[in-house]
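Below is one structure, written out as structure tokens; comments come after it.
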Amino acid sequence: MTTAFVADATGYTGRSVVPTLRARGIEAVAHVRPDSRSLAHWRTVFTSQGASVDTSPWSPQGIAGAMASHRPDFVFALIGTTAKRGKVDGSTYESVDYGLTVMLLEAAAAMEPRHCFVYLSVAGAGSLAWGAY
């Protein structure tokens, strides 16, 4: 069976990707931050959709362990932070959008066979784009 690991499954895009994968018969692993205040809610939502929930910590060892455990065929990097969240917990583009994406990409690239890595940025590119992109 085809398996997909969805990083930031609780975000705007992730919460649509998980049920779409399941509807297509793809095993979905919804990654939820282990410190999420809404973990119980999202566990209920995702399991009701037929997905499994992974709460591996955002550390090189944690994410590498998740890749080794689930052995996904597809890795969806839907990670992003918001200006509002950054004001609350100090999240930055460099630490979240770049840092966590690179961590996920490196863990996926280390696996054999290689996975299909799907990356979605939070903003456009070019002179009119906002943020560090």
Side-chain angles (χ1 to χ4, degrees):
M1 175 177 251
T2 301
T3 302
F5 184 90
V6 182
D8 198 8
T10 63
Y12 181 76
T13 303
R15 60 183 105 153
S16 294
V17 168
V18 171
T20 299
L21 291 167
R22 292 300 303 134
R24 294 180 180 195
I26 297 170
E27 181 67 34
V29 179
H31 183 265
V32 180
R33 288 187 340 269
D35 62 344
S36 171
R37 293 187 308 256
S38 303
L39 177 58
H41 165 76
W42 287 112
R43 187 179 303 279
T44 299
V45 169
F46 292 133
T47 56
S48 74
Q49 295 169 349
S52 59
V53 175
D54 181 277
T55 58
S56 297
W58 275 110
S59 68
Q61 301 82 7
I63 296 302
M67 293 295 106
S69 173
H70 300 292
R71 304 203 52 79
D73 303 287
F74 295 88
V75 177
F76 287 81
L78 310 176
I79 304 162
T81 193
T82 62
K84 179 180 176 183
R85 182 170 171 183
K87 290 178 183 176
V88 172
D89 68 6
S91 296
T92 65
Y93 165 83
E94 289 78 12
S95 66
V96 176
D97 300 61
Y98 176 77
L100 298 183
T101 299
V102 168
M103 186 185 306
L104 187 62
L105 180 60
E106 289 175 346
M111 297 297 299
E112 290 295 335
R114 293 281 171 98
H115 311 300
C116 178
F117 193 85
V118 180
Y119 173 73
L120 176 69
S121 70
V122 74
S127 63
L128 299 178
W130 58 271
Y133 286 93

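Source: prediction; values computed, not measured.
- Legend: residues meeting side-chain hydrogen bond (donor to acceptor under 3.5 Å, both in side chains) with T3, ordered by chain and number and at least two apart, are absent.
- Atom CZ of F117 has more than 12 heavy atoms from other residues, nucleotides or ligands within 6.0 Å.
- Shortest non-hydrogen contact noted between S59 and G62 is OG-N, 2.9 Å.
- Contact record, A9 with V18: CB-CG2, 4.0 Å, taken as the closest heavy-atom pair.
- In this structure, the separation between CZ on R33 and OG1 on T10 is 6.5 Å, given to the nearest 0.5 Å.
- Contact detail for V32 and L39: the closest heavy-atom pair is CG1-CD1, 3.7 Å.
- Between the H31 side chain and the F5 main chain, no donor and acceptor come within less than 3.5 Å of each other.
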>> The test is side chain to side chain contact (heavy atoms under 4.5 Å, CB included); show your working for L21 and F76 and say whether it passes.
In response: CA-CA 11 Å; L21 291 167; F76 287 81; 4.1 Å; yes

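- Between P57 and P34, the shortest heavy-atom contact is CA-CG, 3.9 Å.
- Listed by chain and residue number, W42 satisfy the ring-ring contact (aromatic ring centres under 6.0 Å, His included) test with F46 (two or more places apart in sequence, or in another chain).
- Note that CZ of R43 and OG of S36 are 10.5 Å apart. Values are rounded to the nearest 0.5 Å.
- Here E27 contributes atom CD and M1 contributes atom CE; the two are 6.0 Å apart, rounded to the nearest 0.5 Å.
- The minimum heavy-atom distance between D8 and L78, with the atom names listed, is OD2-O, 3.1 Å.
- The CD1 atom of I79 sits 4.0 Å away from the OG1 atom of T101 when rounded to the nearest 0.5 Å.
- Of all non-hydrogen atoms in P113 and R71, the two that sit nearest each other are CD-NH2, 4.0 Å.
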> Could you go step by step and tell me if R15 and V45 meet the side chain to side chain contact (heavy atoms under 4.5 Å, CB included) rule?
Replying inline: CA-CA 9 Å; R15 60 183 105 153; V45 169; over 6 Å; no

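- Separation of atoms CD1 (I26) and CG (D73) is listed at 9.0 Å; rounding is to 0.5 Å.
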